[in-house]
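Structure, as structure tokens:
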Amino acid sequence: MNEEGEEGVAKSTQLSQSSQAPSFLRRLAGQSVHKAGLLPDQTEIQKRIAEVSRGTKHYENEKRRDKEWTERINKILERRDELLRTADIPRVEAKVDKIFAEMEAKRDLTQSIVHVDMDAFYANVEMLYNPDLAGKPFAVVGLGIVTTASYEARKYGARSGMPEFVAKALCKDLLIVPVDYKRVGEQSRKVMLVLRDYDPNMYIAGCDEAYLNLTTYLTDHNMKVEDCVQQLRDRVHKETGLTASAGIAPNVMLAKICSDRNKPNGQFHLPFNREDVLKFIHELPVRKVPYIGRVGERVLESIGIKTVGDIAKERAIIHLMPRRFAVDFLFSTYLGLGMSKLQSAQREERKSVGASRTFRPVDTEQAIWQKLEYIASLLERDLEAEGWTGKTVTLTFKLDTFQVFTRMKSFSRWISKKEDLFKIGKELLKPELPLRIRLLGLRVSNMKDLRAPEDQGIKKYFHSESEKDASGSPSKKKRKVEPEPEQRIHDVDSGTESATETIKDEETQEEEGEEPEHESQDSPVSLDLQICPICGREMRCNNATLNEHVDWCLSKGTIMDATSLRNDNVFSNSASAKGKGKRKAPG
DNA sequence: GCGGATCAC
DNA sequence: TATGGTGATCCGC
């Protein structure tokens, strides 16, 4: 559903920055407007959203960011025009065609990858427990934000990610249902257990979606892929009463796009041959490609690329652009290439653990420290629960203008205690005050896994060369499925050419001398090695403990942690009066 | 290593 | 009246 009114912004036409600018309206409308979306009249809805939001801090912030991008895009266009004058375009095109040929040689059409995506998951789960909701427009809401809107509500423009009050403005009779993580988690677990029968190495990408490689299963059971997927979806429905959609394709990227095709309760099989793949992908609006978001879409559109097929026309420019516009990513997308093998699920190698909360803006030191201390305690809890510690602490703060800043600091010791986190956070924030703050967050990175088998130090030297990461910790099999853009499409500034070498040489091994002694397995013999179907984490425990972990794990990936609801009152008692209206923009 | 920023869910 | 929380990655410096 493409409804962009104007085209050919490609000229160096400076968009005058009115608050009616289409880019701004689209930005305001949020991120999920493009999805599964037969919206009746999108521009009308976008206008309504702007109307309702006008004058809020958030609205002003979005306007500011939109304006920044307009300026950056104007620079991109200038640069492009210069290249068109000075560069030997046909020669560059020939060069790119060679790159295409090299990429083409790596095409793999042998794997049957499936992306399974539950339909309106949170909403349909609630309908299970409350059948009266059937056929009604309702939204499942947590912390004032719509997590899922029922299909009836979507007709009015209500979408996930939208604040409740906007959704209500779009849909007068909208019913609001609070998120119930217990229910969601329970159903999610049932779904995943069914899927696991078809591929024990499946990759779970959230509580309502997963990628499977069916190749082996199809051979073993002598089945056709469509039949297998149909059966799988039937089984999910039988087990849960919920419907799922699925995409069948030779790689992860295509499967993801395909699962959207016949939603809800449908499946789409992209034929496994080059011609059909190319035809399919070339017609696609770039926004449908994973990792091309609002900003990427706008940047590409500015140089005349609206569909994936358009990438070829501008291949020379893309190749010549600063940071080359994530060339490899765009080119491989143009060819419909993507990852064809899923990595087996291993104990998750986390890179960071963090906690953050939004609250009524505060500006007194006392109030700020109180919030910070609370964040520190949340983070301590999570680090403890999951068994991680780290050497780097990052503080995030969002001003009441919605501008976000971060400050970080690394240490030679392991950080995980509340007092430590609080103190470090305070040191990072203090120099920036006074500020009026609406969100605080703390995150630790540079991690060590406290639950890894104790031979961690040894294991370091045995993992494969290619899989080292920069943190100096052993990176086991990476579970990443989605091929990520190697560079971003966005950056405009600075240097043009130069292969972006990402050669990591020997990692710096400061072996930890002080291991906070936590007894490694005390009675390992009696407990089974279990694998959480949600995060893939391995642990030795009984079934009850595993179930407990699974529930907790499911609630993590979702929009918020249920415990934050209980603790919400912590934020409502901003006791003191705030006099000053000072507003410094740090940095 | 630090800080800004995008993107997915 | 009013716009979440978590984690990963990338870029420039």
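Chain naming here is simple, since letters A, B, ... match the order of the sequence lines and numbering starts at 1 in each.
- When the side chain to side chain donor-acceptor pair (under 3.5 Å) test is applied to Ser245(A), the partners found at least two apart in sequence or on another chain are Asp119(A).
- Contact annotation for Arg294(A): backbone-only contact, meaning every heavy-atom pair under 4.0 Å involves sugar-phosphate atoms and none involves a base.
- Look at CZ on Arg443(A): it is 6 Å from C1' on dT6(C), rounded to the nearest Å.
- Comparing atom distances between the Arg438(A) side chain and each of dG4(C), dG3(B), dC7(B) picks out dG4(C) as nearest.
- Exactly one residue among Val146(A), Leu175(A), Ile176(A), Asp173(A) makes a side-chain contact (heavy atoms from CB on, under 4.5 Å) with Phe138(A). That residue is Leu175(A).
- dG5(C) atom P lies 8 Å from atom NZ of Lys398(A), rounded to whole Å.
- For Trp69(A), a side-chain nitrogen or oxygen approaches OP1 or OP2 of dT6(B) to under 4.0 Å.
- Residues passing the ring-ring contact (aromatic ring centres under 6.0 Å, His included) test with Phe402(A) are His58(A), sequence neighbours excluded.
- Taking every side-chain heavy atom of Thr406(A) into account, dG3(B) is the closest of dG3(B), dT6(B), dA5(B).
- The residue Thr56(A) sits close to a base: some heavy atom pair falls under 4.0 Å.
- The same atom, C1', is picked in dC7(B) and in dG4(C); the two are 15 Å apart, to the nearest Å.
- Within the nucleic acid shown, Gly144(A) has no heavy atom closer than 4.0 Å to any nucleic acid atom.
- OP1 or OP2 of dG1(B) lies within a sub-4.0 Å distance of a side-chain N or O belonging to Asn446(A).
- For Ser356(A) and dT6(C), the shortest distance from a side-chain N or O to OP1 or OP2 is below 4.0 Å.
- Between the NZ atom of Lys63(A) and the C1' atom of dT3(C) there is a distance of 17 Å, given to the nearest Å.
- Here dA2(C) presents its C1' atom at 16 Å from CG of Leu439(A), a figure rounded to the nearest Å.
- Contact annotation: Thr358(A) side-chain N/O to dG5(C) OP1/OP2 distance is under 4.0 Å.
- dT9(C) atom C1' lies 16 Å from atom CE of Met447(A), rounded to whole Å.
- Between Ile292(A) atom CD1 and dC9(B) atom C1' the separation is 18 Å, expressed in whole Å.
- Within 4.0 Å of Ser53(A), counting heavy atoms only, lies at least one base atom of the nucleic acid.
- Among the nucleotides dA8(B), dT6(C), dA5(B), the one closest to the side chain of Arg72(A) is dA5(B).
- Using a 4.0 Å cut-off, some side-chain N or O of Ser352(A) falls inside it from OP1 or OP2 of dA8(C).
- Between Lys351(A) atom NZ and dC10(C) atom C1' there is a gap of 14 Å when expressed in whole angstrom units.
- When heavy atoms are screened at a 4.0 angstrom cut-off, Arg54(A) is found touching no nucleic acid atom at all.
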Apply side-chain hydrogen bond (donor to acceptor under 3.5 Å, both in side chains) to Thr70(A) and Arg298(A), showing your working. CA-CA 9 Å; Thr70(A) 302; Arg298(A) 223 192 125 184; 2.8 Å; yes
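- Distances shown here put every side-chain N or O of Arg360(A) at or beyond 4.0 Å from the OP1 or OP2 atom of dT3(C).
- When each of dT3(C), dA5(B), dG4(B) is scored by its nearest atom to the side-chain atoms of Phe165(A), the top-ranked nucleotide is dT3(C).
- Between Val393(A) and Met408(A) there is no side-chain heavy-atom pair separated by less than 4.5 Å.
- Under the 30°/60° scheme for interplanar angles, the aromatic rings of Tyr181(A) and Tyr122(A) are found to stand perpendicular.
- Aromatic ring centres of Phe359(A) and Tyr374(A) lie farther apart than the 6.0 Å criterion allows.
- Following rounding to the nearest Å, Arg64(A) (CZ) and dT3(C) (C1') show an atom-to-atom distance of 15 Å.
- DNA chain B is contacted by both Arg65(A) and Ser410(A); Ser410(A) maps to the nucleotide lying nearer its 5′ end (nearest heavy atom per residue).
- Closest to the side chain of Asp208(A), from the set dC9(B), dG4(B), dT6(B), is dC9(B).
- Remark on DNA chain C: of its neighbouring residues Ala355(A) and Phe402(A), the 5'-side contact belongs to Phe402(A), judged by nearest-heavy-atom nucleotide.
- Within the 4.0 angstrom heavy-atom criterion, only backbone atoms of the sugar-phosphate kind lie near Gly296(A); the bases stay farther away.
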